[in-house]
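See below for the structure under consideration.
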Amino acid sequence: MTLATQTAGAPVAPVSSGDAPVLSVRDLDVSVMTPAGLRPLVHGMSFDLRRGETLCIAGESGSGKSVTSMAIMGLLPKPAVRVTGGQILFGGKDLAAQGEGAMRRIRGNRIAMIFQEPMTALNPVMQIGTQLAEALRAHTGMGGAEARARALEALKLVRISQPERRLRQYPHELSGGMRQRVVIAMALAMRPDVLIADEPTTALDVTVQREVLDLLRDLQRDTGTAVILITHDMGVVAEMANRVLVMQSGRVVEQGSVDEIFQAPREPYTRELLAAVPRMGDGSGPVATPGGPLVRFEDVSVRFDIRSGLLQRVTERVHAVEHVSFDIHAGETLSLVGESGCGKSTLARALVGLVPHEGTIRLNGQPIRDMRRQDRLRLHREVQMVFQDPMAALDPRMTVGELIVEPLVIHGIGSTPERRARAEDLMQRVGLTPEHLSRHPHEFSGGQRQRICIARALALNPKLIIADESVSALDVSVQARVLDLLATLKREFGIAYLFISHDMAVVENISDRVAVMYLGQIVEMGTRAQVFGNPQHAYTRRLMAAVPVPDPGFQRPPMPRMASEVPSPVHPVGQGPTRVALRDVGGGHLVAA
Amino acid sequence: MWAYLLRRLVQAVLILLGVSFITFLLLYVLPADPVRQIAGRSATPQVVESIRRELGLDQPFLVQYWNYLTGLVQGDLGRSYLQKADVAGLIASRLPATLQLMALAIVFELIIGLGMGIAAALWRGRAVDSVLMMTSFAAVSAPQFVVGLLLLYLFAVQLGWFPISGYGTFSHAVLPALTLAVTGSGWYARMMRSSMIDVLHTDYLRTARAKGLSRGRIVLRHAVPNAILPIIAMIGIDVGIFMGGAVVVESVFGWPGIGQLAWQAIQRVDIPIIMGVTVVSAVAIVLGNLLADMIAPFVDPRIKLR
């Protein structure tokens with residue numbers, strides 16, 4: 001361990017090893033200043049963190065997890081939000097009482113932090129090497145060359161490919177997983193006593209999440225750093241934690257060892273949280289009996305041109321979707337799974353005509369490309385979309401009532417009182433009340449907003465709803481209720497879903513049939529039981545093996561590390577990706593050869 | 001890279017064609033008759049006609065424009081009607097003065113505007129912010145000749161720090177450049193403020209804070225380089241605004257640049273000079289924008305020219 005060198009001029013006393021806690025939080029209160037006075041965000045929080053230990057803080061959004069971590073780092077947005085009581089004891093000092101200068105010497109040095117969103121966590125106009133080196137220089141006063149050498153070591157430690165080259169690259173040249181490795185390297189370069197990881201893998205694809213979690217665990221074992229891992233994902237908790245702290249609305253609900261929490265949760269809230277976690281099974285269970293084909297994709301490709309040169313000729317193409325063929329039957333849920341950039345969302349956009357496609361997409365047997373205005377209007381009545389981020393999908397200036405009747409207005413359906421009655425009915429269907437109609441989107445929680453989006457999608461009595469990562473941004477308990485709602489609507493109205501998700505556990509819970517996409521092509525497709533019970537393609541297996549299992553006793557079979565990043569879907573004109581042929585391995589279970 | 005430059009060059013030629021055509025057309029339909037200006041009031045109709053024929057102004061519009069264009073591609077901007085000199089030579093002798101003025105004005109604009117914007121963003125919502133934003137608003141709204149006269153009165157007449165007018169030394173250039181820079185400074189201050197506020201809320205700034213960097217380094221090395229990106233494209237546009245401003249400012253301060261040349265030519269309907277200044281200004285604007293676009297990839301590695 002070359003990074004183990006203690007820093008020369010560090011003003012903070014080294015933390016004693018042994019059984020004494022590295023960090024102790026005592027009765028911490030954090031409050032926000034509102035026009036109505038101080039409102040508590042975190043109340044009476046206490047915990048100890050020991051060397052080499054991983055403490056998971058679990059809870060849903062708004063429970064105060066991130067506020068706690070920001071309080072420890074001294075990064076609360078003061079003066080609006082500040083510590084109003086209690087102590088944060090670290091190295092013999094109360095961090096809550098330290099000034100900015102003292103905190104600055106601790107931040108990034110003795111206590112480091114990694115954040116959720118790797119895509120935006122790095123300065124886009126500064127080289128990776130500079131960003132790594134500046135933290136070292138800020139705390140040690142070492143020279144540029146020495147800092148750069150240490151930066152290179154740190155990059156090697158996080159197992160990034162071609163570390164020398166990365167030093168001179170800019171963040172946009174790196175994938176999300178690589179950027180998160182850089183952020184981790186940055187946090188661990190000073191060999192801190194405490195590492196706070198706030199949802200470090202939530203924004204990553206599941207296979208990348210697996211690698212980052214493995215990396216964090218290995219690094220912790222080597223360095224003995226105490227880790228506070230903040231996550232909403234109980235699967236991650238089960239895999240990473242020694243001890244768990246469950247939070248709800250600013251308070252600690254339950255605290256205990258990972259085994260206690262998972263095997264004998266005492267508090268009802270903990271039990272609810274655990275019950276709501278989608279678990280991946282073997283794909284058995286009842287499936288809907290599908291009707292006739294509603295949508296048919298025949299050899300559909302979507303490619304985006306890249307132009308360059310003097311005459312702006314097309315020189316390269318992004319092969320987003322390549323020769324995809326499948327049907328969606330009336331009343332069934334077909335899930336498209338795959339990691340970011342695999343083409344699943346592009347395929348959905350092609351279906352509603354948002355991107356041009358090659359091949360044929362038929363709705364009720366009619367190719368959508370040849371549709372005239374009237375038929376196109378009908379297409380948009382019959383196929384509706386529900387997106388990932390409900391806040392971004394709702395116009396903040398419109399009331400919920402206006403939002404829900406808008407599709408009716410566009411299609412000229414019904415009179416004003418009829419539309420109003422329809423909106424009231426829809427609100428009840430999705431579990432909201434008609435009184436909510438006059439409110440604006442910002443007055444609702446994330447889950448309620450997604451219900452509003454679903455109500456809007458239902459307004460036109462669609463035959464197919466495209467749910468593009470519709471539950472990915474929701475807390476597990478909310479996610480479970482929205483999934484229930486989708487299932488109920490399917491039974492009542494016979495709606496079919498094209499369910500797009502990266503979450504294998506959710507997909508296993510909701511689907512009748514599953515298609516796995518990789519680099520624009522379908523590599524495996526079949527019923528839920530076929531794909532989950534008997535996964536054939538290596539990529540499908542890899543996806544499933546990467547899912548964190550919410551069971552601390554689970555022994556993970558060793559998985560080979562991915563040799564390289566996912567290849568690029570960009571090819572020169574005239575060349576394309578190798579087309580995979582699907583082979584029926586029995587009962588309509590298609591697998592790429 | 002070369003393909004990009006070549007494409008921009010083709011675009012530039014098209015822009016210049018359009019600009020020269022429209023200006024030529026406007027001057028052609030203008031009710032003022034340049035020949036009358038040259039001949040004087042007492043000239044006989046015969047003399048007027050012979051001058052008109054001599055200058056080729058009796059020919060149809062398109063023929064006149066064609067003749068001008070063929071001259072232009074050979075680098076011939078024509079001869080001034082009244083100054084008895086080549087327009088190209090006149091402009092060439094005046095251009096360095098205007099370029100000096102503009103370069104200094106850009107420096108002033110950036111220092112004042114960016115400084116105000118950064119300070120306002122860092123002390124957002126405080127008194128500093130309100131005062132700076134009010135100042136920037138006044139700067140944007142004030143007409144240039146008023147600003148010029150105010151600065152003259154204050155710094156030249158009352159305080160005597162700078163000469164009232166003239167050309168030659170650096171201190172001659174300060175007041176006119178400052179006048180030229182005032183409007184742009186106001187815009188830059190407002191743009192930089194909002195850009196900085198956006199950047200101060202980004203994740204990467206939070207990362208920088210979490211690394212334990214000093215406040216100075218966070219602002220100067222992380223926030224400002226990112227906040228300045230949208231401003232860079234503005235500098236190219238400024239060259240065009242300056243060309244207009246130069247006409248006013250050079251007259252107020254007696255600065256011997258092409259703005260003053262244009263102003264005199266407009267008063268006397270000296271069409272070749274007006275055309276020449278217009279074409280040269282258009283070239284300057286095109287070059288200014290090209291320069292701004294060429295600088296962009298060096299400041300923002302995400303931008304690629306293709």
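Keep in mind that what you see is a predicted model, and the values were worked out from it rather than measured. To find a chain, count down the sequence lines: A is the first, B the second, and so on, and within it residues start at 1.
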key: Pair B:M191-B:I231, side chain to side chain contact (heavy atoms under 4.5 Å, CB included): steps then yes or no   = CA-CA 7 Å; B:M191 277 191 61; B:I231 313 278; 3.8 Å; yes

task = Apply the side-chain hydrogen bond (donor to acceptor under 3.5 Å, both in side chains) test between B:R190 and each candidate in B:S136, B:S185, B:S195; give the one that qualifies.
result =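 The residue from B:S136, B:S185, B:S195 that satisfies side-chain hydrogen bond (donor to acceptor under 3.5 Å, both in side chains) with B:R190 turns out to be B:S136.
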
Greatest number of heavy atom pairs closer than 4.5 Å to chain B - which of [options]:
options: A:A112, A:P124, A:G101; value: A:P124
options: A:A121, A:G74, A:A187; value: A:A121
options: A:T120, A:I111, A:T130, A:L75; value: A:T120
options: A:E117, A:E134, A:M113; value: A:E134

ask   = Just by distance, with hydrogens left out, do A:E199 and A:H232 show a side-chain donor and acceptor under 3.5 Å apart?
value =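 Looking only at side-chain atoms, A:H232 and A:E199 do form a donor-acceptor pair, the distance falling under 3.5 Å.
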
key: Polar contact flag, side-chain donor to acceptor under 3.5 angstrom, B:Y188-B:D238   =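 Side chains of B:Y188 and B:D238: pair found under 3.5 Å.
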
Which region of [X], side chain (C-beta onward) or backbone (N, CA, C, O), has a non-hydrogen atom less than 4.5 Å from a non-hydrogen atom of chain B, or is it both or neither?
X: A:Q131; answer: both
X: A:L122; answer: backbone
X: A:M103; answer: neither
X: A:A138; answer: side chain

Least distance between heavy atoms, A:A96 atom then A:V83 atom = CB-CG1, 3.9 Å

key: A:R82 CZ: over 12 foreign heavy atoms closer than 6.0 Å   = no

CZ (B:F137) with more than 12 external heavy atoms under 6.0 Å = no

inquiry  = Test your reading of the model: is there a side-chain donor-acceptor pair from A:D305 to the backbone of A:R307, 3.5 Å cut-off?
reply    =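 Here the side-chain-to-backbone pair does not exist.
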
task = Give a yes or no on whether the backbone of B:T70 and the side-chain of B:Q74 come within a donor-acceptor separation of less than 3.5 Å.
result = yes

request  = With sequence neighbours left out, write down each residue that passes side-chain hydrogen bond (donor to acceptor under 3.5 Å, both in side chains) with A:R179, or none if nothing qualifies.
outcome  = none

query = Picking from B:K304, B:R8, B:R7, what satisfies salt bridge (charged side-chain N to carboxylate O under 4.0 Å, His left out) with B:D293?
reply = B:R8

ask   = Under 4.5 Å, heavy atom to heavy atom, which residues of residues 201-211 of chain B contact chain A?
value =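 From residues 201-211 of chain B, the residues near chain A are B:D203, B:Y204, B:R206, B:T207, B:R209, B:A210, B:K211.
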
Contact winner vs chain A - B:N226, B:V299, B:L229, heavy-atom pairs under 4.5 Å = B:N226

inquiry  = Please rank B:R215, B:R302, B:R217 by heavy-atom pairs under 4.5 Å with chain A and give me the top one.
reply    =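 When all of B:R215, B:R302, B:R217 are compared, B:R302 has the most.
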
